[in-house]
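Read the structure below first, then the notes.
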Amino acid sequence: MKHLTVLSTLVMLLGGLIPTWASGEQQQTTITPNAYARKAFAEEKFGIFLHWGIYSMYGQGEWYQHTGKLDREEYGKASWGFYPSRFDANEWVKAFKDAGAKYITLTSRHHDGFSMFDTHYSDFNIIEATPFKRDILGELAAACHKHGLKIHLYYSLMDWKRPDYPLGRTNIAWQDNKERTPVRTQQGDYDSYFTFMKNQITELLTRYGSIGAIWFDGEWDHHNDATPFDWRFKELYALIHKLQPGCLVGNNHHHEAIEGEDFQIFERDLPGENKAGLSAGQKVTENIPLEMCQTMNGMWGFKIADRNYKSVRECVRLIIEAAGKNANLLLNIGPQPDGELPALALDRLKGIGKWMSHYGETIYGTTAADLPKAEWGIALRKDKKIYLHILDNSTSQITLPALKETVKSVYLYDNQTPLKYKKEKNGMTIYLPALTDATDNIVSIETK
Ligand code: GLC
């Protein structure tokens with residue numbers, strides 16, 4: 001995996017083809033940097049999402065300009081007080097790496113239009129509009145490259161500040177009167193706005209080394225339009241793939257992936273589910289990597305009052321459940337305005353890291369085992385091994401249908417204790433001891 005990362009980084013930058021050798025054969029085949037990056041991404045299984053911007057200063061989440069019905073100019077003045085004096089990119093990245101994450105996804109520019117990087121194309125940015133004047137994105141990218149994590153960049157398609165963004169469902173200017181009457185007069189100029197986005201994306205892909213993915217969001221701002229809005233995605237995606245062939249494209253548009261997208265995103269739900277109500281009718285796209293994003297608490301950006309963080313057990317189970325759907329989990333943290341990660345988030349990262357350091361082997365590089373959905377938990381497969389993640393502690397035996405391969409041995413992953421099992425005509429039954437781990441109990445099946 002490490003070799004894969006170094007090699008893929010090199011190839012991504014050089015834009016060449018990667019030779020691969022089929023095992024046992026001398027024949028050389030080639031794989032494009034894009035296909036290589038997709039494969040590597042699908043194996044990573046766990047990333048950290050970071051929603052950070054000037055909104056953290058209000059402590060009300062990243063939508064506060066909108067939910068607070070704030071005048072955009074008044075809202076934007078927060079930038080002049082943004083001075084995250086305790087920010088240390090290396091410390092953050094080390095904490096993510098120790099948690100077992102393989103990549104981070106950072107908000108380069110969110111819906112409020114504030115750029116967390118040095119950009120020529122808007123002065124509403126971390127260098128020109130804050131006293132901090134440090135390129136936060138640049139520092140995180142350098143730390144990721146140094147510590148061997150990939151960096152992905154979230155990029156908002158919509159913008160609540162720029163007058164050339166064509167008004168959608170949400171970018172309302174609020175009149176500064178008692179009722180906060182919405183003003184919906186902005187005409188927009190998509191040619192101008194599209195050029196702006198292309199310019200910024202070019203900066204992102206030419207100044208910060210290898211970028212693992214661009215993660216778009218906000219397409220749904222135009223879902224209510226009478227005629228479909230033409231975002232010109234084809235051109236945008238082609239630009240990304242031209243600048244960095246190994247940079248993957250994902251779009252959180254809540255529907256099936258379209259041409260040019262390298263992975264499919266599911267917001268707050270496992271692929272195929274719709275408990276959060278954002279994925280109605282979102283079919284799973286075949287044959288591309290999947291990613292599910294979820295927050296540690298209830299909000300993406302820092303929300304001071306939301307201390308309701310998921311437990312370590314819940315976070316770990318999310319990783320397992322996502323893997324069971326062939327998806328990565330992108331787990332979100334909203335950093336504080338002082339530049340620190342919330343203490344509760346750090347605590348959860350430590351707990352996840354402890355678990356991943358013991359059991360990561362049963363997660364990274366796996367695919368969902370093609371076994372029928374089971375009540376007891378989730379089956380993952382890697383090479384000649386099948387890992388049964390037993391989430392229901394009351395399980396005393398498991399019946400599996402016939403496996404394609406011959407079973408060599410069955411044992412508890414934790415202490416290698418061999419387990420009794422019986423082969424039947426159409427499958428096998430495994431007999432379990434009393435299960436004690438409240439998070440997960442793993443049984444390994446080795447096949448020939
Ligand atoms: C939604 C929210 C946005 C957040 C994103 C993360 O699209 O509008 O604030 O960044 O979800 O998945």
Side-chain angles (χ1 to χ4, degrees), residues 46-70 72 75 78 101 103-117 136-137 151-161 165 167-172 197 204 212-224 229 231 233 248-255 257 261 263-271 273-280 282 289-303 306 310 315 318 322 327-335 345:
F46 178 40
I48 295 291
F49 211 171
L50 293 172
H51 274 71
W52 203 26
I54 60 167
Y55 40 79
S56 65
M57 296 187 72
Y58 295 102
Q60 309 275 2
E62 78 290 358
W63 270 69
Y64 189 52
Q65 179 182 338
H66 182 85
T67 55
K69 300 185 175 181
L70 304 179
R72 56 178 96 176
Y75 166 89
Y103 61 99
I104 68 168
T105 305
L106 170 73
T107 46
S108 61
R109 177 177 137 279
H110 206 270
H111 309 332
D112 65 1
F114 181 79
S115 299
M116 288 289 272
F117 61 103
I136 285 177
L137 188 154
I151 180 157
H152 297 190
L153 299 174
Y154 170 108
Y155 190 83
S156 176
L157 291 162
M158 57 198 239
D159 192 302
W160 291 333
K161 184 147 176 110
Y165 174 73
L167 196 75
R169 277 194 290 170
T170 66
N171 69 326
I172 300 162
M197 288 203 294
L204 292 173
I214 299 287
W215 204 104
F216 289 111
D217 188 28
E219 182 262 10
W220 32 258
D221 199 35
H222 281 280
H223 277 190
N224 286 0
F229 185 81
W231 292 94
F233 284 134
L248 304 179
V249 173
N251 194 329
N252 184 32
H253 44 40
H254 305 155
H255 50 73
E261 290 170 9
F263 65 102
Q264 191 186 16
I265 296 168
F266 295 82
E267 182 175 341
R268 290 184 187 266
D269 256 313
L270 291 167
E273 293 187 348
N274 185 30
K275 292 182 185 152
L278 297 164
S279 311
Q282 185 177 7
L290 310 176
E291 185 189 61
M292 171 213 185
C293 59
Q294 181 57 285
T295 50
M296 262 198 197
N297 57 358
M299 202 35 114
W300 302 99
F302 177 59
K303 186 169 179 188
D306 186 353
K310 292 173 185 61
C315 295
L318 268 179
N328 292 1
L329 174 70
L330 182 62
L331 187 60
N332 182 76
I333 299 172

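Atoms within a ligand are numbered from 1 in the order they appear, just like the ligands themselves.
- Put simply, the residue from Asp221, Asp217, Asn251 that forms a side chain to side chain contact (heavy atoms under 4.5 Å, CB included) with Leu157 is Asn251.
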I'd like a table of the close N/O pairs between ligand 1 and the protein (anything under 3.5 Å), one pair per line with both atom names and the distance.
unit_1, atom_1, unit_2, atom_2, d
ligand 1, 7 (O), Asp217, OD1, 3.0
ligand 1, 7 (O), Asp217, OD2, 2.9
ligand 1, 8 (O), Trp63, NE1, 2.8
ligand 1, 8 (O), His111, NE2, 3.3
ligand 1, 9 (O), Glu62, OE2, 2.5
ligand 1, 9 (O), Trp63, NE1, 2.9
ligand 1, 9 (O), His110, NE2, 3.2
ligand 1, 10 (O), His51, NE2, 2.5
ligand 1, 10 (O), His110, NE2, 2.8
ligand 1, 10 (O), Tyr154, OH, 3.4
ligand 1, 11 (O), Glu267, OE1, 3.4
ligand 1, 11 (O), Glu267, OE2, 2.8

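- Considering only residues two or more places apart in sequence or on other chains, Met299 meets the side chain to side chain contact (heavy atoms under 4.5 Å, CB included) condition with Glu62, Asn297, Lys303, Asp306.
- Taking the six-membered ring for Trp and the full ring otherwise, the centers of Tyr75 and Tyr58 sit less than 6.0 Å from each other.
- Trp300 and Phe49 have their aromatic ring centers within a separation under 6.0 angstrom.
- Between His111 and Trp63, a ring centre-to-centre spacing shorter than 6.0 Å is recorded.
- Remark: aromatic rings of His66 and Tyr64 are distant, center separation not under 6.0 Å.
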